[in-house]
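These notes are about the structure you will find just below.
Not measured: the values here are computed from a predicted model. If you read the sequence from its start, that first residue is 1, and numbering goes on from there.
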Amino acid sequence: FLIEEDPGLLVMKAQHGLSEPLLSTCMNVPFGRCLCGKAASEGEVVFADSIDDRHEIRFQRMSPHGHLCIPVRSGDRLLGVINLYVEEGHRRSHEEEVLLTAVADALAGAIKQRQAEASLYRFRTALDNSADGVFLIDRATMRFVDANTTACTSLGYTSEELFSIGPQDIKPHYSREDLARVFDELIHGKVEVGFIETVHRRKDGSEFPVEIFFRSIKSGGRDMIIAIARDITDLKKAERDVKEREERYRGLVETSSDAVVTVNEMLEVIQWNEAASRIFGYSGDEIMGRPVEILVPENYKRRHIESSLR
């Protein structure tokens, strides 16, 4: 049995020779239930030489037998339980329990390694499917030592090709010395997180804009830099589109033959075109920031104020 998502439940993961009734009734055993569950909840070896009152899981025509349940532990953490069926009347043996505890310890090491490998695989899969490029850089050599799939794909390099170059080879606006200074500030704690906005150059020579966050870590006694690069091509295009729309709007306003006056929530003038200057007689410098009501004739001011308040 192993413990999986539910920390209070034993899940059968392997068995040999169990009958169908046992397979269905013992597939999931809560902590504290029957002998295996008691071994899990108490964290101690549980022995029974027969089907006694502790054997809560039963079915018709169950053959006489006993149990030896060994907790599988890694430090203070319970990983599972080994359950052995023994013949009815089997005498408890200290030597057997020492041997089986050693087996459980060896099994715990294997389980921990498999769990670590599975966790690493899940993390790597998530990392490779990230929308951002993630690079690991050796500061001493100024070369890439690892990168996710997105990083390689975005630049058009295979991982082997990428690991033969460094960050200075894909950043045309930064020299090796420039980047070394940025990295050293991180390593020496002058800044916690580094940031630059620049461009990356692909293998084919084309370029695209990126924003990059840097952090430093220690790995095997070496200073490493983690760089997370986000492609901001769409963001830059959106910014250009907004700027172009604003420029077109300003052009329309400035060339309009009608007065165009824009006010803020305080009813202060924040935009004023040439036609407004011609019609009202105020220059832009004179009117900007002043209340718009100064443009309203006296006999209309009360109505204007009441309308604005609504």
For the residue pair [X] and [Y], what are the closest heavy atoms and their distance?
{"X": "E161", "Y": "T158", "answer": "OE1-N, 2.9 Å"}
{"X": "L162", "Y": "C152", "answer": "CD2-SG, 4.0 Å"}
{"X": "L78", "Y": "I3", "answer": "O-CD1, 3.2 Å"}
{"X": "L22", "Y": "F59", "answer": "CG-CE2, 3.6 Å"}
{"X": "A104", "Y": "V72", "answer": "O-CG1, 3.6 Å"}
{"X": "G32", "Y": "K38", "answer": "O-NZ, 3.3 Å"}

Indicate yes or no for a side-chain donor-acceptor contact from [X] to the backbone of [Y] under 3.5 Å, with no hydrogens or angles considered.
{"X": "S24", "Y": "E20", "answer": "yes"}
{"X": "S206", "Y": "R202", "answer": "no"}
{"X": "S256", "Y": "L252", "answer": "no"}
{"X": "S283", "Y": "E286", "answer": "yes"}
{"X": "S277", "Y": "Y282", "answer": "yes"}
{"X": "H55", "Y": "I57", "answer": "yes"}

Exercise for the section: For the pair D223 and K218, evaluate side chain to side chain contact (heavy atoms under 4.5 Å, CB included) and give the outcome as yes or no after the intermediate values. Expected result: CA-CA 5 Å; D223 290 312; K218 283 281 189 182; 3.0 Å; yes
Handout entry: NZ/NE/NH1/NH2 to OD/OE distance under 4.0 Å, E239 and K236
Key = yes
Problem - Electrostatic pair R181:D178 at N-O distance under 4.0 angstrom - result: yes
[X], [atom1] atom: more than 12 neighbouring heavy atoms under 6.0 Å:
{"X": "E274", "atom1": "CD", "answer": "no"}
{"X": "R139", "atom1": "CZ", "answer": "yes"}
{"X": "Y121", "atom1": "OH", "answer": "no"}
{"X": "D234", "atom1": "CG", "answer": "no"}
{"X": "Q115", "atom1": "CD", "answer": "yes"}

Is there side-chain contact between [X] and [Y], with heavy atoms separated by less than 4.5 Å?
{"X": "F163", "Y": "D146", "value": "yes"}
{"X": "D6", "Y": "N28", "value": "no"}
{"X": "R240", "Y": "K237", "value": "yes"}
{"X": "E207", "Y": "P172", "value": "yes"}
{"X": "E97", "Y": "L68", "value": "yes"}
{"X": "F1", "Y": "V11", "value": "no"}
{"X": "I70", "Y": "T101", "value": "yes"}
{"X": "P291", "Y": "L267", "value": "no"}

Are [X] and [Y] linked by a side-chain donor-acceptor pair shorter than 3.5 Å?
{"X": "D128", "Y": "T125", "answer": "no"}
{"X": "D231", "Y": "T233", "answer": "yes"}
{"X": "E96", "Y": "H90", "answer": "yes"}

Could you state the interatomic distance from [atom1] ([X]) to [atom2] ([Y]), rounded to the nearest 0.5 Å?
{"X": "R58", "Y": "T25", "atom1": "CZ", "atom2": "OG1", "value": "12.5 Å"}
{"X": "I196", "Y": "K171", "atom1": "CD1", "atom2": "NZ", "value": "5.5 Å"}
{"X": "R54", "Y": "C69", "atom1": "CZ", "atom2": "SG", "value": "8.5 Å"}
{"X": "D132", "Y": "I212", "atom1": "CG", "atom2": "CD1", "value": "11.0 Å"}
{"X": "E254", "Y": "E247", "atom1": "CD", "atom2": "CD", "value": "13.0 Å"}
{"X": "I217", "Y": "L136", "atom1": "CD1", "atom2": "CG", "value": "5.5 Å"}

Cluster link [X] to [Y], ILVMFWY, side chain under 4.5 Å:
{"X": "I165", "Y": "I225", "result": "yes"}
{"X": "M62", "Y": "L23", "result": "yes"}
{"X": "I228", "Y": "V193", "result": "no"}
{"X": "V81", "Y": "L2", "result": "no"}
{"X": "V182", "Y": "V191", "result": "yes"}

Practice task
Look at the rings of F213 and F195 and say which category their plane angle falls in: under 30° parallel, 30 to 60° tilted, over 60° perpendicular.
Solution key: tilted
Practice task
Mind telling me whether F144 and F135 have parallel, tilted or perpendicular rings, with 30° and 60° as the class edges?
Solution key: tilted
Exercise for the section: Determine, stepwise, if the pair I51 / H65 fulfils side chain to side chain contact (heavy atoms under 4.5 Å, CB included). Expected result: CA-CA 6 Å; I51 301 173; H65 65 275; 3.8 Å; yes
Practice task
Give the intermediate values and the outcome of side chain to side chain contact (heavy atoms under 4.5 Å, CB included) for residues D138 and R143.
Solution key: CA-CA 6 Å; D138 187 327; R143 286 184 179 272; 5.5 Å; no
Problem - side chain to side chain contact (heavy atoms under 4.5 Å, CB included) assessment of L235 paired with R230 - result: CA-CA 10 Å; L235 176 62; R230 175 163 297 177; over 6 Å; no
Handout entry: Y85 ring center near H67 ring center (under 6.0 Å)
Key = yes
